[in-house]
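Worksheet: one structure, shown below.
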Amino acid sequence: MLDLRFVVANLDHVKAALARRGAHASAALVSVEAEAHVRKELIVKSETLRAEQKKQSDAMKTLRGEAQAELRTKLKAMADEVKALDTTLREVEARIEAALLSVPNLPHPSVPDGQSEHDNVVQGPRNFGAAPTFAFAPKDHVALGEGLGLLDFERAAKISGARFAVLKGDLARLERAVLTFFLDVARERGYTEVLTPYLVNQASLRGTGQLPKFEADLFKTTVEPPLYLIPTAEVPVTNLHRDEILGDPNSPPIGTKYACFSPCFRSEAGSAGKDTRGLIRMHQFHKVELVRFETPEDSQEALEQLTTDAQEPLKRLGLHHRVVALCAGDMGANAEKTYDLEVWLPGQSAFREISSCSSFGDYQARRAQIRFRPSATEKPKLAHTLNGSGLAVGRTVVAILENYQQADGSVVIPEALRPYLGGLEKLTKV
RNA sequence: GGAGAGGUGGCCGAGAGGCUGAAGGCGCUGGUUUGCUAAACCAGUAUACGGCCCAAAGCUGUAUCGAGGGUUCGAAUCCCUCCCUCUCCGCCA
């Protein structure tokens with residue numbers, strides 16, 4: 001959420017920045033300026049009146065009889081008026097809040113212009129490796145997994161439905177090895193591992209910006225009050241410090257970095273009919289998420305580091321990938337700047353997203369009230385939040401299958417993972 | 001799920017309709033004293049949203065005692081609903 005005062009004071013600048021995202025990004029702002037003025041007037045009126053009411057009600061203590069009754073009538077009228085003003089004020093504030101909640105974040109000035117994924121900018125120097133060459137026609141991961149007898153979509157459909165998968169044997173072990181490997185790499189790089197709930201309340205989803213706009217993407221349970229399955233560990237981990245001041249006695253310092261493994265649940269995945277085959281787009285998948293809390297001064301540098309941190313496991317697995325800066329029109333609504341990591345999939349002859357690393361400025365922190373104290377004497381300021389996948393586990397397994405496949409349909413396990421698999425070197429047909 | 005006890009500032013803990021943004025203590029910050037450290041003493045020590053001010057500083061208003069509603073001229077204090085914590089019972093990996 002953007003800051004109301006900032007928006008009102010810099011309306012033209014805000015509109016221009018939002019226009020980079022597309023024509024309608026600032027639509028909700030049309031009435032905000034006028035409503036903000038009304039809001040202030042109501043606050044002044046109500047508070048002045050209440051102050052007067054409080055002052056006069058002191059006399060109630062000493063007055064008796066007729067005089068007291070008279071004053072009570074007068075004060076009652078004032079109290080009623082204050083109530084009426086406050087009711088109107090709440091309505092106005094609710095409209096402002098609703099408008100502001102639907103306004104996306106302002107793209108960072110360094111974000112490239114553009115409307116769609118075609119305008120994203122590949123960060124050449126950060127790319128890694130080269131596409132492997134094959135002396136045979138490479139298969140996709142579905143053919144490989146099913147051919148090995150380790151991947152079962154049919155039974156997954158029976159027990160759950162479309163867009164679920166069952167992994168078996170060494171492939172299931174591989175998935176588990178990959179996620180452990182990711183957590184170990186993150187720990188080496190200074191991230192504290194956390195394990196959080198997979199069901200969260202509405203306040204948490206509002207804090208990170210999934211609600212109210214993206215309810216349709218979420219799985220919602222029927223308990224009251226509702227709990228939602230997390231679409232990413234970003235939600236529980238960022239909300240770890242909701243309504244906290246980082247650096248205070250019971251909170252970690254600003255600059256804290258977390259790594260969190262979790263399953264992720266997405267209801268709308270696949271509604272567009274994309275990627276109907278295989279493990280790429282699922283209702284449930286595993287991910288290790290990296291989350292950072294930084295000062296405004298450090299957050300852009302932190303995004304560069306975060307992206308490098310997310311690349312590290314891909315490098316150790318020897319997987320060819322590139323880094324792409326998303327253009328203003330392709331970024332998620334909450335993000336200020338985003339780098340995607342795209343891994344090469346020989347089965348598709350294409351790069352596919354395997355990580356998305358974003359800085360959010362104070363957009364999430366304002367909703368979630370995550371602050372830090374610049375120094376012992378200064379007032380708390382909103383922190384900057386960042387997160388990125390480090391990495392999507394299922395898609396990594398896909399990449400391993402496709403990049404390390406052999407002519408006979410077996411798959412070589414990358415060296416870095418073998419210690420996690422008791423030295424296993426190959427996936428072979430069972 | 002059932003029964004009971006609770007939720008007050010960074011922490012502990014008083015308060016039981018107006019004098020309470022909230023006693024007292026601890027902690028923290030600054031100062032005085034002081035060979036150093038410690039101790040003692042003095043002062044300060046929340047957040048949000050407004051107003052005055054070119055701005056900062058400062059002054060000032062309002063709100064906040066788990067959350068939300070209600071009663072009242074006036075609520076930390078009374079009533080209702082919800083959330084959370086603890087103890088016991090039940091259930092359970």
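Chain A is the first sequence line, chain B the second, and so forth, proteins listed ahead of strands; every chain is numbered from 1. Side-chain atoms are counted along with the backbone in the values below, which use heavy atoms only and exclude waters and symmetry mates.
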| query | Between C41(B) and C26(B), how far is it from one P atom to the other, in whole Å? | reply | 9 Å
What is the ring orientation for Y258(A) with F293(A), classed by angle as parallel under 30°, tilted 30 to 60°, or perpendicular over 60°? perpendicular
Protein-nucleic acid N or O pairs under 3.5 Å, nucleotides 60-67 of chain B:
{"unit_1": "G61(B)", "atom_1": "N2", "unit_2": "E47(A)", "atom_2": "OE1", "d": "2.7"}
{"unit_1": "G61(B)", "atom_1": "N2", "unit_2": "E47(A)", "atom_2": "OE2", "d": "3.2"}
{"unit_1": "G61(B)", "atom_1": "N3", "unit_2": "E47(A)", "atom_2": "OE1", "d": "3.4"}
{"unit_1": "A63(B)", "atom_1": "OP2", "unit_2": "K54(A)", "atom_2": "NZ", "d": "2.7"}

So do the side chains of R176(A) and Y420(A) get within less than 4.5 Å of each other, counting heavy atoms only? no
Sequence neighbours excluded, the answer for salt bridge (charged side-chain N to carboxylate O under 4.0 Å, His left out) partners of R90(A) is none
- C1' atom, C59(B) versus G70(B): distance in rounded Å? 36 Å
Restricting both atoms to N or O, compile the protein contacts to nucleotides 45-47 of chain B shorter than 3.5 Å, with distance only.
{"unit_1": "U47(B)", "atom_1": "O3'", "unit_2": "R371(A)", "atom_2": "NH1", "d": "3.0"}

Listing for RNA chain B: consecutive Watson-Crick or G-U pair runs of at least 3, distance cutoff 3.5 Å, ranges ordered by first number, gives B:1-7 with B:83-89, B:10-12 with B:24-26, B:27-32 with B:40-45, B:46-52 with B:58-64, B:66-70 with B:78-82
Residues passing the salt bridge (charged side-chain N to carboxylate O under 4.0 Å, His left out) test with D12(A), sequence neighbours excluded, are none
Whole-Å C1' distance, U8(B) and G66(B)
10 Å
- Query: When you check the phosphate oxygens OP1 and OP2 of C49(B), does a side-chain N or O of R5(A) lie under 4.0 Å from one of them?
  - Reply: yes
For this session: Could you tell me whether R292(A) and D309(A) have a side-chain N and a carboxylate O separated by less than 4.0 Å?
Result: yes
Polar atom pairs (N or O), protein with nucleotides 69-73 of chain B, under 3.5 Å:
{"unit_1": "C73(B)", "atom_1": "O2'", "unit_2": "Q53(A)", "atom_2": "NE2", "d": "3.4"}

Those residues at least two apart in sequence (or on a different chain) that pass salt bridge (charged side-chain N to carboxylate O under 4.0 Å, His left out) with K54(A) are none
Rounded to whole Å, the CZ-C1' distance (R39(A) to A48(B)) equals 11 Å
If I pick the C1' atom on A14(B) and the same atom on G7(B), what distance separates them, to the nearest angstrom? 15 Å
P-based separation of C53(B) from A43(B) [nearest Å]:
35 Å
Return all side-chain donor-acceptor pairs below 3.5 angstrom for residues 25-44 of chain A, not counting sequence neighbours, or 'none' if the list is empty.
{"unit_1": "E35(A)", "atom_1": "OE1", "unit_2": "R95(A)", "atom_2": "NH2", "d": "3.3"}
{"unit_1": "E35(A)", "atom_1": "OE2", "unit_2": "R95(A)", "atom_2": "NE", "d": "2.8"}
{"unit_1": "R39(A)", "atom_1": "NE", "unit_2": "E93(A)", "atom_2": "OE2", "d": "2.8"}

Could you tell me how far C65(B) sits from C11(B) if I compare only their P atoms? Round to whole Å. 15 Å
Residues passing the side-chain contact (heavy atoms from CB on, under 4.5 Å) test with Q202(A), sequence neighbours excluded, are R206(A), L211(A), P226(A), Y228(A)
Residues at least two apart in sequence or cross-chain that pass ring pair (Phe, Tyr, Trp, His ring centres under 6.0 Å) with H321(A), listed by chain then number, are F128(A)
### Euclidean distance for P, U29(B) against U37(B) (whole angstrom)
15 Å
- [ ] Decide if atom NZ of K74(A) counts as having more than 12 heavy atoms of other residues, nucleotides or ligands within a radius under 6.0 Å.
- [x] no
Here the distance between atom C1' of G50(B) and atom NE2 of H37(A), to the nearest Å, is 15 Å
Ring pair (Phe, Tyr, Trp, His ring centres under 6.0 Å) filter on H108(A), not counting sequence neighbours, yields none
query: Quick one: are V200(A) and N239(A) in side-chain contact, heavy atoms under 4.5 Å?
result: no
ask   = With rounding to whole Å, what would you report as the distance between A46(B) and A23(B) at their P atoms?
value = 12 Å
Residue set satisfying salt bridge (charged side-chain N to carboxylate O under 4.0 Å, His left out) with D330(A), at least two apart, ordered chain then number -> none
Comparing K40(A) with Q369(A), nearest RNA chain B nucleotide closer to 5' gives the residue Q369(A)
Can you confirm whether V398(A) sits close enough to R352(A) that some side-chain heavy atom of one is under 4.5 Å from a side-chain heavy atom of the other?
no
